[in-house]
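Reading through the structure tokens given below for one structure.
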Amino acid sequence: MADECFTLPRLAALYDALDPERDDLLPYLALVDELGASQVLDLGCGTGVFALLLAGRGVRVLGVDPAAASIGVARRKPGAERVRWLVGDATDLPPLGVDLVTMTANAAQEITGPGHWRATLRGVRDALRPGGHLVFETRVPARRAWESWTRAASHRVSDLPGVGAVEDWVELLDVTGPLVAFRRHYVFAADGRHLASDSTLRFRERAEVEADLRAAGLEPLGVRDAPDRPGREYVFLARRPAEPTP
């Protein structure tokens, strides 16, 4: 299930405006060039920011997300016709054979159930061509990012064109083992409406992720750092093994 901030049209429309700086996507763009990927599946594509960046560089892209409202925002953007969009997840993909699967930002951590995570990785493997790659990020649990998810640390007021002033902040709800639940609040000055979106992320250790990759038939190739968040993210690179030569 996608969170309300992605499924409610009024909140989905705010996503890009409240997070306009996407330096976190630059390493993914560099990796596409490094691997020479010409066909990419952007899994958990949200409002399509990364998918559209790729399409603008001549890459063939399928953007997939479970939130129809987010896909709706993506489809209304300039250049959206160059991307194939699909509402869904990795468990119900058409036959593909792409060079690269990406899961940027929180996409991997939002898959919290162990069974759904394993099914996602199997779906990714099936979507890749032999020798194709997967890249995704997940926060380093030891850095305890959730400790800063408070109103005091996150509160802001943004004046958005066509919307007006929007007040937003994050409230930590619960930390139980690897699961961290939190709530995003949004207050619209135009009509006083207060909307909330609950989310849960799963914080996985490096060894756990590597074991899950192997179990899904994917070969872990290493872990990189996120240049814009040094020491705070694991950026996993894995590969579907090439088929043996007959």
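Between the side chain of R60 and the backbone N or O of Q39 there is no donor-acceptor pair closer than 3.5 Å. For T176 (side chain) and L179 (main-chain N/O), no donor-acceptor pair under 3.5 Å exists by modelled atom type. Put simply, the side chain of D225 never gets that close to the backbone of P227: no donor and acceptor are under 3.5 Å apart.
Residues V124 and R240 form no side-chain contact, since every pair of their non-hydrogen atoms from C-beta on lies 4.5 Å or further apart. Side-chain contact between V166 and R156 is absent, with no heavy atoms from C-beta onward closer than 4.5 Å. Side-chain contact between W149 and V180 is present, with heavy atoms from C-beta onward closer than 4.5 Å. Between R183 and S197 there is no side-chain heavy-atom pair separated by less than 4.5 Å. Within the 4.5 Å cutoff, the side chain of L128 has heavy atoms near those of the V101 side chain. Counting only heavy atoms from C-beta outward, the side chains of F188 and H194 never approach each other to under 4.5 Å. Looking at heavy atoms from C-beta onward, L201 lies out of side-chain contact with T138 at the 4.5 angstrom threshold. Between T120 and L43, the closest side-chain pair of non-hydrogen atoms falls below 4.5 Å.
The line from CG of L218 to CG of L134 is 6.0 Å long, rounded to the nearest 0.5 Å. Rounding to the nearest 0.5 Å places OG1 of T102 at 3.5 Å from CG of D42. Taken to the nearest 0.5 Å, the CG atom of L14 stands 12.0 Å off from the CG atom of D19. To the nearest 0.5 Å, atoms CG (L52) and SG (C45) are separated by 9.0 Å. Between atom CZ of residue F136 and atom CD1 of residue I111 there is a gap of 9.0 Å, rounded to the nearest 0.5 Å. How far CZ of F182 is from CH2 of W146: 12.5 Å, rounded to the nearest 0.5 Å.
Look at D99 and R129 and you find a salt bridge, because one of the NZ, NE, NH1 or NH2 atoms lies within 4.0 Å of a carboxylate O, short of that distance. Using a cut-off of 4.0 Å between Lys/Arg side-chain N and Asp/Glu carboxylate O, D168 and R184 are scored as not salt-bridged. We find that E208 and R214 are not joined by a salt bridge, their nearest charged nitrogen and carboxylate oxygen being 4.0 Å or further apart. No salt bridge links E137 with R232; every basic N to acidic carboxylate O contact stays at or beyond 4.0 Å. We find that D191 and R193 are not joined by a salt bridge, their nearest charged nitrogen and carboxylate oxygen being 4.0 Å or further apart.
Stacking of R143 on the aromatic ring of F203 is not recorded, the 6.0 Å distance cut-off and the 45° axial limit not both being met. In this structure, R204 forms a cation-pi arrangement with W117, its terminal cationic atom sitting closer than 6.0 Å to the ring centre and no more than 45° off the ring axis.
Y234 and L237 are assigned to two separate hydrophobic clusters, defined by single-linkage of ILVMFWY side chains at heavy-atom distances under 4.5 Å. Put simply, M103 and Y15 are part of two different groups of oily side chains (I, L, V, M, F, W, Y) that touch within less than 4.5 Å, one to the next. In the hydrophobic cluster analysis, where Ile, Leu, Val, Met, Phe, Trp and Tyr join through side-chain heavy atoms closer than 4.5 angstrom, V87 is grouped together with V61. L213 and V223 end up in the same hydrophobic cluster when Ile, Leu, Val, Met, Phe, Trp and Tyr side chains are linked at under 4.5 Å. No chain of hydrophobic side-chain contacts below 4.5 Å, direct or via other Ile, Leu, Val, Met, Phe, Trp or Tyr residues, connects V98 to V40.
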Q: May I have the step-by-step check of side chain to side chain contact (heavy atoms under 4.5 Å, CB included) for L18 and L160, ending in yes or no?
A: CA-CA 8 Å; L18 290 175; L160 305 180; 4.2 Å; yes

Q: Run the numbers on L29 and L53 for side chain to side chain contact (heavy atoms under 4.5 Å, CB included), then give the verdict.
A: CA-CA 8 Å; L29 289 172; L53 285 173; 4.2 Å; yes

Q.
Set out, in order, the CA-CA distance, both residues' side-chain angles and the distance that settles side chain to side chain contact (heavy atoms under 4.5 Å, CB included) for E167 and H155, then state yes or no.
A. CA-CA 7 Å; E167 182 182 7; H155 181 268; 2.6 Å; yes

**Q.** Stepwise side chain to side chain contact (heavy atoms under 4.5 Å, CB included) check, I71 with V73
**A.** CA-CA 5 Å; I71 292 291; V73 171; over 6 Å; no

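Looking at every heavy atom in both residues, A37 comes nearest to L100 through CB-CB, 4.0 Å. For H133 against L221, the heavy-atom pair with the smallest separation is CD2-CD1, 3.6 Å. Closest heavy-atom contact between A55 and V83: CB-CG2, 3.7 Å. Residues L86 and R75 share a closest heavy-atom pair of N-NH2, 4.5 Å. The minimum heavy-atom distance between S70 and D65, with the atom names listed, is CB-OD1, 4.4 Å. Nearest approach of P230 to D228, heavy atoms of both residues: CD-C, 3.5 Å.
Screening residues 76-85 for side chain to side chain donor-acceptor pair (under 3.5 Å), with sequence neighbours left out, gives D16-K77.
Note: W169 and H185 have parallel aromatic rings, judged against thresholds of 30 and 60 degrees for the angle between ring planes.
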